[in-house]
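The structure under discussion appears below in the form of C-alpha cells.
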Amino acid sequence: MTELTKIVLTGPESTGKSMLGMALAEHYGLKCVPEFARYYLEKNGKEYNFNQLLEIARGHKVFQRQAVEDYKGSIIFYDTDLINFHIWTKLVFHQSHKWIDEEMEKEQDHLYLLLYPDIPWTHDPLRENPNNRHHIYDHHLRTIANLKRKYRVIKGNGDIRIRNAIKAVDEMLSLKGFKKQKS
C-alpha cells in the first residue's frame, strides 16, 4: 500500500480552513476529513475544560483514523491536526497536555497549509478569538517551524485563496514526487 500523504489546513479561527479543505478536495477529487472539535462542541455545548480538551483531541485522532481506514486515495486533506490542540490548550489554559504534545511529535508526515488571517472574521457561536487571530497565526507558524514541518502560507480572498492553495499543494506534491494534479 502506498504511504498516505496528509495535507493539513491549519491556522487561526475564521481563516477558511473548512471551506478551503472542501474546495481542494473537490478540485483534486480527494477526501477532506472535517474538524472533529466542531462535531464535539455542537453535540456537547461550547463550554469545555482542560480535560475535555484532551478528550476532544483524542476523539480527533480516532475520527481521522476512521476516516482513512477504507480510503483508497494516496492524498488526503485534514481540517486541522494536533498542532491546533497544542496551541488551543496553551492559549486557553496556559499549559499543555503531555499526550497531545507526544502525539503531535509523531505527526511528522504532515504537510501544512497555514492560513493567514487576511480574510474578514465571520461570527460563529463556537468561535472565541475575533481579536487575536494574528497572534494565533504566529503561534502556528512558530510551532510548525520548531517541529521542522513542511508548510506553505496561504493568503488571499475568495478564488485567489483557493488558487494560491492549489499552487501550494501542487508544489508540495511535486517535491514528494507526485505528478501535477488535474487543473
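Using cut-offs of 30° and 60° for the angle between ring planes, the His110 and Tyr112 rings count as tilted. Aromatic ring orientation, Tyr137 versus Tyr116: perpendicular (interplanar angle above 60°, classes split at 30° and 60°).
Of all the heavy atoms in Thr89 and Ile100, the pair that sits closest is CG2-CD1, 4.0 Å. The minimum heavy-atom distance between Gly73 and Leu4, with the atom names listed, is O-CD1, 3.5 Å. Residues Ile154 and Ala168 share a closest heavy-atom pair of CD1-CB, 3.7 Å. Minimum interatomic distance between Gly156 and Ile119 (heavy atoms only, all atoms of both residues): O-CG2, 3.5 Å. Smallest separation of non-hydrogen atoms from Ala67 and Lys31: O-NZ, 2.7 Å. For the pair Arg133 and Ser14, the tightest heavy-atom approach, listed with the atom from each and the gap, is NH1-O, 2.7 Å.
Asp118 contributes no side-chain N or O that, together with a main-chain N or O of Lys155, makes up a donor-acceptor pair within less than 3.5 Å. A donor-acceptor pair under 3.5 Å is formed between the side chain of Lys17 and the backbone N or O of Gly11. Between the side chain of Gln52 and the backbone N or O of Asn49, at least one donor-acceptor pair lies under 3.5 Å.
Here the side chains of Thr10 and Ile87 are not in contact, with every heavy-atom distance at 4.5 Å or above. Looking at heavy atoms from C-beta onward, Glu103 lies in side-chain contact with Lys61 at the 4.5 angstrom threshold. Between Ile166 and Leu24 there is a side-chain heavy-atom pair separated by less than 4.5 Å. Leu115 has its side chain within reach of Arg161: a pair of non-hydrogen atoms, C-beta onward, lies under 4.5 Å apart. Here the side chains of Phe77 and Leu20 are not in contact, with every heavy-atom distance at 4.5 Å or above. No side-chain heavy atom of Leu53 sits under 4.5 Å from any side-chain heavy atom of Tyr40. Contact annotation: the side chain of Thr15 never approaches that of Leu9 to less than 4.5 Å [non-hydrogen atoms, C-beta and beyond]. Asn157 places a side-chain heavy atom less than 4.5 Å from the side chain of Pro120.
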*Derivation and outcome, side chain to side chain contact (heavy atoms under 4.5 Å, CB included), residues Glu26 and Met22*: CA-CA 6 Å; Glu26 182 179 326; Met22 290 185 294; over 6 Å; no
Assess whether side chain to side chain contact (heavy atoms under 4.5 Å, CB included) is satisfied between Ile76 and Tyr71, documenting all intermediate values.
CA-CA 9 Å; Ile76 195 163; Tyr71 183 62; 3.9 Å; yes
Could you go step by step and tell me if Arg163 and Ile160 meet the side chain to side chain contact (heavy atoms under 4.5 Å, CB included) rule?
CA-CA 5 Å; Arg163 284 194 304 271; Ile160 294 170; 3.4 Å; yes
- request: Please report the C-alpha distance between Leu113 and Met172 in whole Å, then the side-chain angles of each, then the deciding distance to 0.1 Å, and finally whether the side chain to side chain contact (heavy atoms under 4.5 Å, CB included) criterion is met.
  value: CA-CA 10 Å; Leu113 299 179; Met172 288 192 295; 3.4 Å; yes
Show every donor-acceptor pair shorter than 3.5 Å between a side-chain atom in residues 91-99 and any protein atom, with sequence neighbours excluded, or say none if there are none.
from  : atom 1 : to     : atom 2 : distance (Å)
Ser96 : OG     : Asp101 : OD2    : 2.7
His97 : NE2    : Phe50  : O      : 2.7

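Note that CZ of Phe36 and CG of Leu41 are 9.0 Å apart. Values are rounded to the nearest 0.5 Å. Remark: Gln108 CD to Lys150 NZ distance equals 10.5 Å, nearest 0.5 Å. The CH2 atom of Trp88 sits 8.5 Å away from atom CD of Glu13, with the distance rounded to the nearest 0.5 Å. In this structure, Gln64 CD and Glu35 CD are separated by 10.5 Å, a value rounded to the nearest 0.5 Å. The CZ atom of Arg38 lies 13.5 Å from the NE2 atom of His60; values are rounded to the nearest 0.5 Å. For the atom pair CD (Glu69) and CZ (Arg65), the distance works out to 8.0 Å, reported to the nearest 0.5 Å.
Lys6 forms no cation-pi arrangement with Tyr78, by the criterion of a distance under 6.0 Å to the ring centre and an angle within 45° of the ring axis.
Side-chain N/O atoms of Glu55 and Tyr48 include no donor and acceptor closer than 3.5 Å. Looking only at atom types and distance, the side chain of Asp79 has a donor-acceptor partner in the side chain of Ser18 under 3.5 Å away.
Looking at residues two or more places apart in sequence or on another chain, you find a side chain to side chain contact (heavy atoms under 4.5 Å, CB included) between Leu147 and Ile83, Met104, Glu105, Thr143, Arg149.
Criterion: ILVMFWY side-chain heavy atoms under 4.5 Å apart, direct or through other members. Under it, Val153 and Met19 are not part of a common hydrophobic cluster.
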